[in-house]
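Nothing here was measured: the structure is a model prediction, and the numbers come from that model.
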Amino acid sequence: MTRILKERAFSGTTDPKVQPWETEHRKVARRAAAEGIVLLKNEDNLLPLKAGSNVALYGAGAGRTIKGGTGSGDVNERENVSVFQGIKNAGFQVTTEDWIASYDKIYENARQEWKRSILSKTGEGADTMDFFSVYSTTPFKMPAGDQVQKPAEDADTETAIYVLSRIAGEGSDRTADKGDYYLNDDEYQILADICAYYKNVIVLINAGAQVDLSFMDEFENIKALLVIVQPGMEGGNAVADIISGKVNPSGKLADTWAYEYEDYPNSEKFLHNNGNVQTELYEEGIYVGYRYFDTFEVPVRYGFGYGLSYTDFEISNYRLVKISAEKISISASVKNTGKVSGKEVVQVYASLPGGTLEKEAHRLAAYAKTAELKPGETEEVTMEVTVDALTSYDEESAAWILEKGFYGIWIGNSLASAKLCGGMKLDATVTKRQVKNLFPLKQDLEEIVQEPSRTAKRTETAEKLAGEQAMTVLELHAADITTETVEYKKNADLYEREAMDFVNTLTEEELIDLAAGDPGKAP
């Protein structure tokens, strides 16, 4: 069988000479990756590790660190620095290079078998979309690697790092299976052996989304846990910067890590779980992620906005100031009370008044990261919140609405730690923006809802606390808030006649290219 694939030109260069801008971009990539790494556990202050110390390194992502997602999440780079390379670059002595070299061979064999599988499923004469359909429904899964051998009796290595990796990307949902959300049997055995052979174990999560962390309850000597996500081309160096203490971790979780997979709302109805891969019903309504867990008080392993540091911070001296009829300023003092320099992320949440609309318990309204603060140093952080950020959508009236009542303002370094520091009170309900429902539901949805009284009770409790502690409560007046009715026009009404005359000469394919572009096409 003869298979002809379209030849494409890609943006970038094959010139072996490294350009100055590449060097600068690598610095940015390294800094960005380190800023985003989240430290979730650091028992006995295991991290940072002593410079030059021995480290045993295992796991699929050790030498084959996943830099990004597949499909649109992929980037062609000159070099991708693995965790293994990064740790060596930082001067640590990796004692398991044989295991990593063996894994490379296992990985290459598995990769070639995966490619053969895709080609065998792609029919002769298949176009790009046919190929992508097969590619996206035949995900590559990282092999676990060889089993761990017990170190020699005289081995001077107490600390091991296990890199748990998962591939994810466009066109392929994560599944509640072993080897995806859960450890597969080989991975579990490798981790169990590591925990049996080494006194201190560090786990790195190299994945674009959550994985099951129940093994943290089983293996007590997993003393440190880092979420490195998909850290890009400089990921290995960024990880080493964190592990060595060159960079103090300051990342915060942008998602919620539940105790059980079943804790996620609607999990049983996800398409891979209910067998219906044609239709996905999003019955969570507004209760996606932290909005669900927080509102319905479902315990979590690690909550939204959470992330540790190698130092400690104190957030105090909260101040609320009304800037305009529709905007307030929120300030706080952040002091480094620990022993090393570091950065903190101050997070502002709003609680919304009870009324006729469904509302979550707290809503992220603003956040800011400090500069690097030395021990004892203080920074004043100021953030702004507009009333637009506090509106709720009413499907019946097709409008973004501010309901009257008390809006609490909460500040902390995570959702769980946020404390009430004041609020605003709106004297009447406002239709902030009137729109139209252009795409009505084609079938009814039984969305998750809470008892209306719960929101009202939370509001009453927060307002009472603000009054008892003499917190600042700013008055907002509906009459002063600007409202808007969005006018919907056709293309012919929006653009100049000359532009429309040109557009009308283009074919549908040309219009698609004009709208979406294609960076893979030659100039």
Side-chain angles (χ1 to χ4, degrees), residues 69 71-73 128-129 132-133 136-137 168-174 208-209 254-256 264-292 295-296 350 352 355-361 363-365 386-403 429-450 452 455 481-496 499-500 503-504 506-518:
S72 299
T128 303
M129 289 309 299
F132 181 75
S133 178
S136 62
T137 55
E170 183 180 9
S172 180
D173 285 344
R174 297 282 305 283
D255 42 29
T256 302
Y264 292 102
N266 212 30
S267 58
E268 66 180 20
K269 296 182 181 179
F270 290 158
L271 56 85
H272 288 298
N273 297 337
N274 66 11
N276 182 1
V277 297
Q278 299 300 319
T279 303
E280 187 73 61
L281 299 179
Y282 295 94
E283 296 180 338
E284 301 98 319
I286 68 169
Y287 298 114
V288 177
Y290 76 87
R291 295 172 181 83
Y292 169 76
T295 303
F296 291 93
L352 311 179
T356 60
L357 301 179
E358 198 74 19
K359 299 187 185 77
E360 65 273 46
R363 176 183 301 179
L364 180 66
T386 65
V387 295
D388 260 328
L390 306 179
T391 58
S392 299
Y393 189 69
D394 180 17
E395 292 183 29
E396 287 190 16
S397 63
W400 292 93
I401 293 175
L402 284 164
E403 292 196 276
T429 296
V430 180
T431 298
K432 185 71 176 71
R433 184 172 293 105
Q434 183 66 57
V435 295
K436 290 182 180 178
N437 288 328
L438 298 180
F439 305 101
L441 288 175
K442 294 183 178 180
Q443 66 183 85
D444 292 333
L445 284 177
E446 294 184 11
E447 292 185 347
I448 297 174
V449 296
Q450 61 171 315
T455 302
I481 295 175
T482 304
T483 60
E484 174 190 10
T485 297
V486 177
E487 184 180 357
Y488 294 80
K489 295 181 179 181
K490 295 183 179 180
N491 285 341
D493 300 323
L494 290 169
Y495 301 103
E496 296 292 336
M500 290 305 301
V503 168
N504 290 334
L506 301 178
T507 65
E508 183 175 327
E509 185 176 9
E510 289 171 332
L511 286 170
I512 292 171
D513 284 343
L514 181 65
D518 188 346

| request: Grab the two heavy atoms, one from L352 and one from E360, that are nearest each other, plus how far apart they are. | output: CD1-OE1, 4.3 Å

| Approximate separation, where rounding is to 0.5 Å, of E396 CD and I401 CD1 | 9.5 Å

| For atom CD of E395, is the number of surrounding heavy atoms from other residues, nucleotides or ligands below 6.0 Å larger than 12? | no

| request: For the residue pair Y287 and Q450, confirm or rule out a side-chain donor-acceptor distance under 3.5 Å. | output: yes

| said: Could you report the tightest heavy-atom contact between T295 and A361, atom names first, then the distance? | reply: OG1-N, 2.9 Å

| message | Is it the case that atom OH in Y393 sees more than 12 heavy atoms from other parts of the structure closer than 6.0 Å? | response | yes

| request: Any chance you could lay out the side-chain contact (heavy atoms from CB on, under 4.5 Å) test for E447 and Y282, step after step, and finish with the verdict? | output: CA-CA 8 Å; E447 292 185 347; Y282 295 94; over 6 Å; no

| task | Look up atom CZ in F296 and atom CD1 in I448, then write down how far apart they are to the nearest 0.5 Å. | result | 6.5 Å

| What pair of heavy atoms forms the shortest contact from K269 to N274, and how long is it? | O-ND2, 2.8 Å

| Student check: side-chain heavy atoms of Y488 and V435 closer than 4.5 Å | yes

| request: Determine whether Y290 and D255 make a side-chain contact, defined as any pair of heavy atoms from C-beta on separated by less than 4.5 Å. | output: no

| Considering only heavy atoms from C-beta outward, does the side chain of L445 approach that of E283 to under 4.5 Å? | yes

| Which distance, rounded to the nearest 0.5 Å, do you find between the CG of D444 and the CG of L281? | 11.0 Å

| remark: Tightest non-hydrogen contact, residues R363 and T391, listed as NH1-O, 2.7 Å

| message | To check you understand the geometry: which heavy-atom pair defines the closest contact between D394 and S397, and what is its length? | response | OD2-OG, 2.7 Å

| query | To the nearest 0.5 Å, how far apart are CG in N266 and OH in Y292? | reply | 10.0 Å

| Derivation of the side-chain contact (heavy atoms from CB on, under 4.5 Å) call for E268 and N273 | CA-CA 6 Å; E268 66 180 20; N273 297 337; 5.6 Å; no

| said: Nearest 0.5 Å, please: how far is CG in D513 from CG in L506? | reply: 10.0 Å

| task | Please determine, by modelled atom types, if S392 and E403 share a side-chain donor-acceptor pair under 3.5 angstrom. | result | no

| said: Using a 3.5 Å distance criterion without hydrogens, assess whether the side chain of D493 forms a donor-acceptor pair with backbone atoms of K489. | reply: no

| query | Would you say the side-chain atoms of N276 pair up with the backbone N or O of T279, donor to acceptor, closer than 3.5 Å? | reply | yes

| said: Please find the pair of heavy atoms, one from A399 and one from T431, that lie closest to each other, and give the distance. | reply: CB-CG2, 3.7 Å

| Would you call E484 and K432 a salt bridge, taking side-chain N to carboxylate O under 4.0 Å as the test? | no

| note | Rounded to the nearest 0.5 Å, the OG1 atom of T386 sits from the CD1 atom of I481 at a distance of 10.5 Å

